[in-house]
Amino acid sequence: MLRYQEIKYQLQAMIRSMSPQEPLPCRSALCRMLDTTFGTLQKAMAELIDEGVIVSKAGSGTFVAGKKEEDDQQERTIGIILPNNDVDSYRRLLKSVTSSFEGKNVSTIVAFSNAVTERQNKQISRMIGSKVSGIILVPSYEMNLTKDSILLNRLTQYGIPTVFCFRGIDGLQKTPTVSYNNFYGGYLATKHLIQNGYRHIVYFERYLMRTGIDRYQGYVAAMLESGLTINHDAIVLEIKEDDSPLGYTDAVRVLTECPETDAIFCQADELIPGVYQAIADIGKRVSDDIGVIGFDDIAQYTMLSPPATTLAGKDEEIGSKAAKILWRMMNDEPVKYPIFVAQPEIIIRGSCLGPRKGRSGEPHDTKGTMQDESK
């Protein structure tokens with residue numbers, strides 16, 4: 001992006017907080033404020049004058065233009081940046097956001113970051129270059145303050161209304177965030193295992209990221225509340241990325257080295273196939289010997305035997321709420337609460353019905369139950 005365009009967007013961000021006919025600082029002051037040259041500033045301001053954003057009055061200075069009546073009828077564009085389009089929750093979020101903007105003369109640009117911060121920031125630059133009116137962003141999985149600071153600076157520099165979904169970013173606490181109640185989800189999943197008779201429960205996380213940490217803390221709270229011991233040697237906070245299927249190697253190690261383990265709480269459903277395979281390979285059975293519960297409600301795992309119990313995160317509700325918040329911000333309406341939390345619910349299937357030992361009668365049907373899904 002050319003330097004004068006950056007200055008132009010910074011001026012636009014400044015103007016958004018000003019009233020119609022309010023004077024801008026003199027050009028020399030603006031040069032100092034924006035750390036730019038007079039020529040670069042002049043070129044940026046000339047474009048804003050041509051676009052009717054500001055007006056120059058001879059002998060008086062430059063002023064914010066009054067709002068034009070036709071502005072409300074102009075089509076606006078929003079950017080939606082997701083890690084990928086492979087995960088059910090992201091697809092549900094995207095569908096909900098786009099449907100929420102139907103009838104509002106809003107078009108969308110959808111981009112994918114592959115959960116990599118550098119690619120995410122490039123997509124943000126693309127959105128800025130496309131002059132979007134707002135951004136809905138699912139931040140990358142990385143927790144890197146240096147990389148996140150680049151994102152922080154770009155978003156604040158251009159003043160583009162932004163809403164985070166599923167997880168926020170440290171340092172941007174005032175940016176509206178719509179997410180699951182991940183602490184409660186971790187607590188709820190662990191309490192469900194405990195109530196079904198499991199006592200030696202371990203936690204598996206794919207990435208060391210904010211959502212996983214919150215779910216882990218919920219797991220810890222439920223274990224301590226129930227007076228159960230946490231085997232920290234069996235906790236896995238970062239799965240080997242080259243493992244196939246994900247989580248298999250760690251699950252075999254934990255179940256072999258810690259044979260008392262009777263349940264595994266998977267931070268994400270994508271770890272469940274590897275855990276299932278590990279349980280089978282050491283000669284045990286899911287649910288009867290080792291309970292398994294996940295998070296995200298990925299449809300393909302309902303086809304496992306037994307189908308996986310999981311927590312559903314209300315992705316449609318998150319998308320709808322994010323769209324409403326962004327719409328308010330785009331129309332300069334106040335957003336009273338910067339954080340909105342959706343409560344996850346357990347979908348009970350067959351993967352953690354209770355350990356066979358101590359149950360009377362025959363073991364549960366391995367096809368599981370769909371009782372919660374029928375509500």
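Excluded from the calculations below are hydrogen atoms, water molecules and symmetry mates; all remaining heavy atoms, backbone and side chain alike, are included.
- No more than 12 heavy-atom neighbours from other residues, nucleotides or ligands sit within 6.0 angstrom of NZ on Lys324.
- Listed by chain and residue number, Gln343 satisfy the side-chain hydrogen bond (donor to acceptor under 3.5 Å, both in side chains) test with Asn181 (two or more places apart in sequence, or in another chain).
- As a member of the Ile/Leu/Val/Met/Phe/Trp/Tyr network built from side-chain separations under 4.5 Å, Phe63 groups with Val55.
- Of the possible donor and acceptor atoms, one in the side chain of Ser96 sits under 3.5 Å from a partner among the backbone N and O of Ser320.
- In this structure, CG on Asp250 lies 11.5 Å from CD1 on Ile235, to the nearest 0.5 angstrom.
- Thr177 places a side-chain N or O within donor-acceptor distance of the main-chain N or O of Thr175, the cut-off being under 3.5 Å.
- Interatomic distance, Ser100 OG to Trp327 CH2, rounded to the nearest 0.5 Å: 11.5 Å.
- The side-chain heavy atoms of Met330 and Lys104, taken from C-beta on, include no pair separated by under 4.5 Å.
- In this structure a side-chain-to-backbone donor-acceptor pair under 3.5 Å is missing from Ser113 to Ser140.
- At least one donor-acceptor pair closer than 3.5 Å links the side chain of Ser351 to the backbone N or O of Thr309.
- Note: the hydrophobic cluster containing Val335 also contains Phe340 (ILVMFWY, side chain heavy atoms under 4.5 Å, direct or indirect links).
- A salt bridge is absent between Arg199 and Glu260: the closest approach of a Lys/Arg side-chain nitrogen to an acidic carboxylate oxygen does not fall below 4.0 angstrom.
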For a quick test of your reading: what N or O donor-acceptor pairs under 3.5 Å do the side chains of residues 18-26 make, sequence neighbours left out?
| residue | atom | partner | partner atom | Å |
| --- | --- | --- | --- | --- |
| Gln21 | OE1 | Lys57 | NZ | 3.3 |
| Glu22 | OE1 | Ser19 | N | 2.9 |

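- Ile7 is connected to Val53 through a chain of hydrophobic side-chain contacts under 4.5 Å among Ile, Leu, Val, Met, Phe, Trp and Tyr, so both are in one cluster.
- Both Leu82 and Val106 sit in one connected hydrophobic cluster of ILVMFWY residues. Membership requires side-chain heavy atoms under 4.5 Å apart, directly or through other members.
- Sorted by first and then second residue, the pairs that involve residues 213-240 and meet ring pair (Phe, Tyr, Trp, His ring centres under 6.0 Å), not counting sequence neighbours, are Tyr203-Tyr216, Tyr203-Tyr219, Tyr216-Tyr219.
- By the neighbour-count criterion of 12 heavy atoms within 6.0 Å, atom OH of Tyr184 is sparsely surrounded, having that number or fewer from other residues, nucleotides or ligands.
- In this structure a side-chain-to-backbone donor-acceptor pair under 3.5 Å is present from Thr162 to Ile160.
- Environment of NZ in Lys95: sparse, with no more than 12 heavy atoms of neighbouring residues, nucleotides or ligands closer than 6.0 Å.
- Heavy atoms only, all atoms of each residue included: Ala111 and Arg126 are closest at CB-NH1, 3.6 Å.
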If you look only at distance, which donor and acceptor atoms sit under 3.5 Å apart when one is on a side chain in residues 40-49 and the other is two or more places apart or in another chain?
| residue | atom | partner | partner atom | Å |
| --- | --- | --- | --- | --- |
| Thr40 | OG1 | Thr37 | OG1 | 2.9 |
| Gln42 | OE1 | Arg27 | NE | 2.5 |
| Glu47 | OE1 | Lys8 | NZ | 2.9 |
| Glu47 | OE2 | Tyr4 | OH | 2.7 |

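- Put simply, Leu193 and Tyr187 are part of two different groups of oily side chains (I, L, V, M, F, W, Y) that touch within less than 4.5 Å, one to the next.
- For Lys284 and Asp289, the salt-bridge test fails: no basic side-chain N is under 4.0 Å from an acidic carboxylate O.
- Atom CD1 of Ile264 is separated from atom CD1 of Ile279 by 5.0 Å, given to the nearest 0.5 angstrom.
- Between the side chain of Arg167 and the main chain of Pro139, a donor-acceptor pair closer than 3.5 Å is present.
- Atom CG of Asn105 and atom OG1 of Thr77 lie 9.5 Å apart (nearest 0.5 Å).
- Taking the side-chain hydrogen bond (donor to acceptor under 3.5 Å, both in side chains) definition, one finds that Thr310 meets it with Asp269, sequence neighbours left out.
- One finds no salt bridge joining Arg215 and Glu205 here, because no Lys/Arg side-chain nitrogen approaches an Asp/Glu carboxylate oxygen to under 4.0 Å.
- Follow the hydrophobic side-chain contacts under 4.5 Å out from Val132 and you reach Ile128 in the same cluster.
- For the pair Tyr301 (side chain) and Pro307 (backbone), a donor-acceptor distance under 3.5 Å is absent.
- Arg206 places no side-chain N or O within donor-acceptor distance of the main-chain N or O of Glu238, the cut-off being under 3.5 Å.
- For Tyr180 and Phe295, the distance between ring centers is under 6.0 angstrom.
- Ionic pairing of Arg3 and Asp35 is not present here: no N-O contact between side-chain nitrogen and carboxylate oxygen is shorter than 4.0 angstrom.
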